[in-house]
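What follows is a single structure, written as structure tokens, with notes after it.
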There are 2 protein chains.
Amino acid sequence: MVAAQRSEELSRSTEDYLKAIYQLEESGGSAQTSAIADLLAIAPPSVSGMIKRLSEVGLLEHVPYKGVQLTPKGRRAALKMVRRHRILETYLMEKLGYDWDSVHAEAERLEHAVSDELIERMAMALGNPRYDPHGAPIPTVSGEVEQLDHVPLVDIPVGETAELRMVSDEDPERLRFIASLGLRPGVAFRVVGRQPFHGPVTIRVAGASRDQVVGYELARGLYCVIVPEEVG
Amino acid sequence: MVAAQRSEELSRSTEDYLKAIYQLEESGGSAQTSAIADLLAIAPPSVSGMIKRLSEVGLLEHVPYKGVQLTPKGRRAALKMVRRHRILETYLMEKLGYDWDSVHAEAERLEHAVSDELIERMAMALGNPRYDPHGAPIPTVSGEVEQLDHVPLVDIPVGETAELRMVSDEDPERLRFIASLGLRPGVAFRVVGRQPFHGPVTIRVAGASRDQVVGYELARGLYCVIVPEEVG
DNA sequence: AGCTATTATTAGGATCGGTTAAATTCTTTA
DNA sequence: TAAAGAATTTAACCGATCCTAATAATAGCT
Ligand SMILES: [Mn+2]
Ligand SMILES: [Mn+2]
Ligand SMILES: [Mn+2]
Ligand SMILES: [Mn+2]
């Protein structure tokens, strides 16, 4: 007589699976078992098992041996988690003085414990931000996400001016290194050189004393927009 | 090569058990199986099972058929959770506009997901508060708790002036009702009447338009200090 | 087309934290 | 002090989520 209304209380595991599958769908078609396993650091058979359960409750569409897709219901749940995660990261940085390299781990746990009300209060306190500290768009309450088409730094021609917009948030060391180069979302720079064969890119950050060399692997994960050259 | 340092990652259940046992020890000797079961809304055999596990890892001392006691290690862990819980409640009220009747449920979940760092940042942002919104003392980082000897409202003689200091925080409806009487920790009042046979207490809140009648059951959970009569 | 390497699933098992029903121990009362 | 009653523990079981080893399906290469 107390509970029983919402059977839609998802477990922590379930929420992380849905979020992972969402991420995989974002960056290329459907989500493979092994990709999910990699992302969650879990053995593939465990993923097979969870896929079965999530399909049974209508959160996933599973084509055996092919992969899995979120149903509308699954996508809604995933987007809710993404919103939570990104609001949390933003709040921790803006209101509690966290560094951008440490918010991800904290948000990864908190996202499962927080109520809708808390997230909306945080969002309100932040002025309903549209991007998280790493530049990722924050889904709205109703589940819409801005679709951004960014260019990886490695694909920007030499001579162009660009602005960093988004960075993967999962590796703290990587984030610290990026920051040490003077880079953050919003920072503009000019691409002054690029070596062939997956070589490094050289950039000149606006107002910086000297050029920075960015390795290929790193530059592949720096998502930018090309800024039209200023006239004059 | 990644983890393996701290085997002391306690589960959510474990943390709630330790906190419950701590509370029971606070208010009278040792913690009985059935009392723990009641507090956590769990069947007694489940508690027996958990007690066995927690004893094996040295968090509890168990005398079969008698009860349990926290070991120093268990007490440390429990106090850590109490600190988390109370800092969270305070933060939610002070910084995010929660009402005092809704913070408990939120803190009950969050306490298991936050890091030490987050709690200390919140405590800092609050100016290291000593009491939570319900008047309960917040343990220090090193695990000390202020020992308060409050008098339940039912035990205050008629004619005395007293100040409300602490209120049980678990029932939102009860909290809303208490607030509707004009009562909060810090509010002073005079006891102007008390009926025998567990009857209600009548109080006159300083600056209020009319007297309030407080039922016995409620008054038993309003913890106060008697204020020496002002001279003149 | 057939073989092989990769990927996914199934089989079987562990642990955790919960349940109910039955047995046991403690306590209280006649 | 013996029996009844209350509290506790044990037994047997379940679902969720993970694991490893074995099996099956798919995809890529000659
Ligand atoms: Mn993140
Ligand atoms: Mn997570
Ligand atoms: Mn509380
Ligand atoms: Mn809790």
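Treat the numbers as computed from the prediction; the structure is a model and nothing was measured. Just so we're on the same page: letters track the sequence lines, and every chain starts at 1.
Contact annotation: B:S48 does not reach the phosphate of D:dT10 (side-chain N/O to OP1 or OP2, under 4.0 Å). Within the structure, a side-chain polar atom (N or O) of B:Y17 is placed less than 4.0 Å from OP1 or OP2 of C:dG18. Contact annotation: A:R53 reaches the phosphate of D:dT17 (side-chain N/O to OP1 or OP2, under 4.0 Å). At the phosphate of C:dT9, OP1 or OP2 sits under 4.0 Å from a side-chain N or O atom of A:H62. Phosphate contact (OP1/OP2 of D:dA7, side-chain N/O of B:K66, threshold under 4.0 Å): absent. Contact annotation: B:S13 side-chain N/O to C:dC16 OP1/OP2 distance is not under 4.0 Å.
Residues A:H134 and A:H104 keep their aromatic ring centres 6.0 Å or farther apart.
Straight-line distance from the CD1 atom of A:I42 to the P atom of C:dA8: 15 Å, rounded to whole Å. To the nearest angstrom, C1' of D:dT17 lies 11 Å from CG of A:L54. B:M50 has its CE atom 4 Å from the P atom of C:dG17, to the nearest Å. Per the geometry, NZ belonging to A:K52 stands 15 Å off P belonging to D:dG15, to the nearest Å. A:Y65 has its OH atom 10 Å from the P atom of C:dA8, to the nearest Å. One can place CD1 of B:I51 at 15 Å from P of D:dA7, the figure rounded to the nearest angstrom. We find that CD of B:E56 is positioned 14 Å from P of D:dT9, with the value rounded to whole Å. One atom, CD of A:Q32, and another, P of C:dT7, lie 9 Å apart when rounded to the nearest Å.
A side-chain hydrogen bond (donor to acceptor under 3.5 Å, both in side chains) with A:E111 is found for exactly one of A:R86, A:K80, A:K19, A:R84, namely A:K19.
The two residues B:V214 and B:L181 make their nearest non-hydrogen contact at CG2-CD1, 4.1 Å.
With A:Y98 as the aromatic partner, B:R121 meets the cation-pi criteria of under 6.0 angstrom to the ring centre and within 45 degrees of the ring axis.
If you check every strand for non-hydrogen atoms under 4.0 Å, A:T33 touches sugar and phosphate atoms only. Residue B:S46 is in base contact, counting any heavy-atom pair closer than 4.0 Å across all strands shown.
By the 4.5 Å heavy-atom criterion applied to side chains, A:I36 and A:V68 are counted as neighbours.
When the nearest nucleotides of DNA chain D are assigned to A:P45 and A:S11 by heavy-atom distance, the more 5′-ward of the two goes with A:S11.
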